[in-house]
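Read through the structure below, which is laid out as structure tokens, and then see the notes.
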Amino acid sequence: MIEKLLLKLRARDDVSAEEEALLRGAVSEVRNVATDVTVVRADVDLFVSTILLDGLMCRYKDLGSGERQVTELHVPGDFVDLHSFPLKRLDHNVMSLVPCRIALVPHDRILAITETQPHLTRLLWFMTTLDAAIHREWQLSLGRRSSLSRIAHLLCELHARLEVVGMTQGNSYQLPLTQVDLAECLGLTPIHVNRTLRELRMRRLVTFRNKTVSIEDAAGLKRVAEFNPDYLYFEKRPR
Amino acid sequence: MGVTPLMAQYFFDVINSFGLVEDLEGQELRDISAARLVAIEAVRSIIRDDVTVGLVDLVGRVEVRDADRQLLVAIPFSDAVELRGADAVRAAP
């Protein structure tokens, strides 16, 4: 059930059989969630954290005008609000973008892990710091990358993150997002996203059609994006 | 976005020097005036991009179409911005 979480962790460090059993045992409940459901709400006290098993979710914040910024996309294997364990409440929402399957982990079980399992605790800590690294890269994109480079970067990032959990087929992957979803990630309008995707397609770098991303020229796409996967910390080493 | 009975599907094709960018996906919106706003915002976003490389190209339009791909309204890029000083700049020696 939490296989993708284990793949994500084992790409970065060893996870012992005992640690794996503890993670599996930490799950209290599995739920299905429909599209566009706010699964974790800002400003309420939280007592569980959520692992995304299948689907796509996002962290987002809205302005009073209704303008929405997605601050991170979550792929299967992500612990989407592990930071709610120390924070106790969040300053942002977490929403499903497609039908999702989630696993709930009560905070008291995470507390028990932190009190008895120093290495597993560091692995949990690693995951929240990895989210922070992804946020920094998105800041760079939103603040400084051109529209073309920004979209290219997101498509490179998702390929890298999905590959590690076994969800890519060579240079392509399923991305069941709408132009509106992408626009909210990229700080652009949906029509602008459509136009920029066309430019990437015309340059024969990548196509996004029928919810499938096909990277035609990986080196060229990475060049346009200035994509360097170092911020995803894929190296396997003791943490 | 979820579909509610009040919403309708609108498609936004962009035609300018870049060519035709056809909208295959559309957006669920309340009415044509909401669709018009979406088109205007998109044009501003495109112009903002162009300006960063030193270009303001107002030759273009957004065609708003309904679910049957019938043209509802065409919004020229020039409707999205108010230009000031362009004549003065042209008249200057």
Side-chain angles (χ1 to χ4, degrees), chain A residues 33-38 56 58 60 62-63 65-70 95-99 141-152 175-203 207-212 224, chain B residues 1-4 7-30 33-55 57 59-65 67 69 72-77 79-81:
Chain A
V33 180
T35 303
D36 288 341
V37 174
T38 296
L56 279 174
C58 68
Y60 71 95
D62 290 341
L63 287 177
S65 59
E67 296 267 314
R68 174 165 298 175
Q69 182 62 50
V70 169
M95 184 177 88
S96 58
L97 294 167
V98 295
S141 276
L142 290 164
R144 295 293 167 191
R145 283 191 173 94
S146 70
S147 308
L148 190 77
S149 159
R150 209 181 290 178
I151 297 192
L175 186 65
L177 295 182
T178 65
Q179 287 166 19
V180 174
D181 296 330
L182 282 175
E184 287 170 351
C185 294
L186 297 162
L188 302 171
T189 67
I191 300 167
H192 196 169
V193 166
N194 193 24
R195 176 183 136 113
T196 310
L197 285 170
R198 179 179 183 260
E199 187 170 349
L200 288 170
R201 193 162 67 236
M202 283 174 64
R203 291 195 189 188
T207 61
F208 178 44
R209 276 275 167 88
N210 302 320
K211 310 295 183 199
T212 304
V224 164
Chain B
M1 297 289 113
V3 183
T4 61
M7 309 287 261
Q9 186 110 8
Y10 294 91
F11 292 84
F12 300 88
D13 296 343
V14 179
I15 297 112
N16 73 343
S17 55
F18 193 68
L20 163 70
V21 182
E22 205 180 349
D23 181 3
L24 300 177
E25 203 171 281
Q27 294 181 48
E28 297 289 333
L29 298 165
R30 194 163 298 278
S33 60
R36 180 183 281 274
L37 276 180
V38 163
I40 296 268
E41 275 174 24
V43 172
R44 288 176 183 162
S45 169
I46 289 166
I47 292 173
R48 187 161 58 233
D49 232 24
D50 287 348
V51 160
T52 61
V53 292
L55 173 76
D57 181 0
V59 183
R61 64 184 187 279
V62 178
E63 293 186 352
V64 183
R65 295 175 181 276
R69 309 291 305 181
L72 301 173
V73 61
I75 296 167
F77 275 24
D79 276 14
V81 288

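By convention in this document, chain letters (A, B, ...) are assigned in the order of the sequence lines, proteins followed by strands, and residues within each chain are numbered from 1.
- Considering CG of B:D49 and CZ of A:R150, their distance stands at 7.5 Å, rounded to 0.5 Å.
- Contact annotation: the side chain of B:V14 never approaches that of A:R198 to less than 4.5 Å [non-hydrogen atoms, C-beta and beyond].
- For A:S147, the parts lying under 4.5 angstrom from a heavy atom of chain B are both the backbone and the side chain.
- Smallest separation of non-hydrogen atoms from A:V180 and B:E25: N-OE2, 4.3 Å.
- Top candidate by heavy-atom pairs under 4.5 Å with chain A, chosen from B:A39, B:A42, B:G19, B:G26, is B:A42.
- The two residues A:N194 and B:V21 have their closest heavy-atom pair at ND2-CG1, 3.6 Å.
- Two residues are said to be in side-chain contact when any heavy atoms from C-beta on lie closer than 4.5 Å; B:I46 and A:R195 meet this criterion.
- Distance CD1/B:I40 to CD1/A:I191: 10.0 Å, rounded to 0.5 Å.
- Counting heavy atoms of neighbouring residues, nucleotides and ligands inside a 6.0 Å radius, atom CZ of B:R36 does not exceed 12 of them.
- Of the inter-residue distances, the one linking B:F12 atom CZ with A:Q179 atom CD reads 10.5 Å to the nearest 0.5 angstrom.
- If you tally non-hydrogen atom pairs under 4.5 Å between each of B:R44, B:Q27, B:E41 and chain A, the highest count goes to B:Q27.
- Contacts of B:S45 with chain A are made by both backbone and side-chain atoms, with heavy-atom separations under 4.5 Å.
- For B:V38, the parts lying near chain A are the backbone and the side chain together; criterion is any non-hydrogen pair under 4.5 Å.
- Only the backbone of B:L20 comes within less than 4.5 Å of a heavy atom of chain A; no side-chain atom from C-beta onward does.
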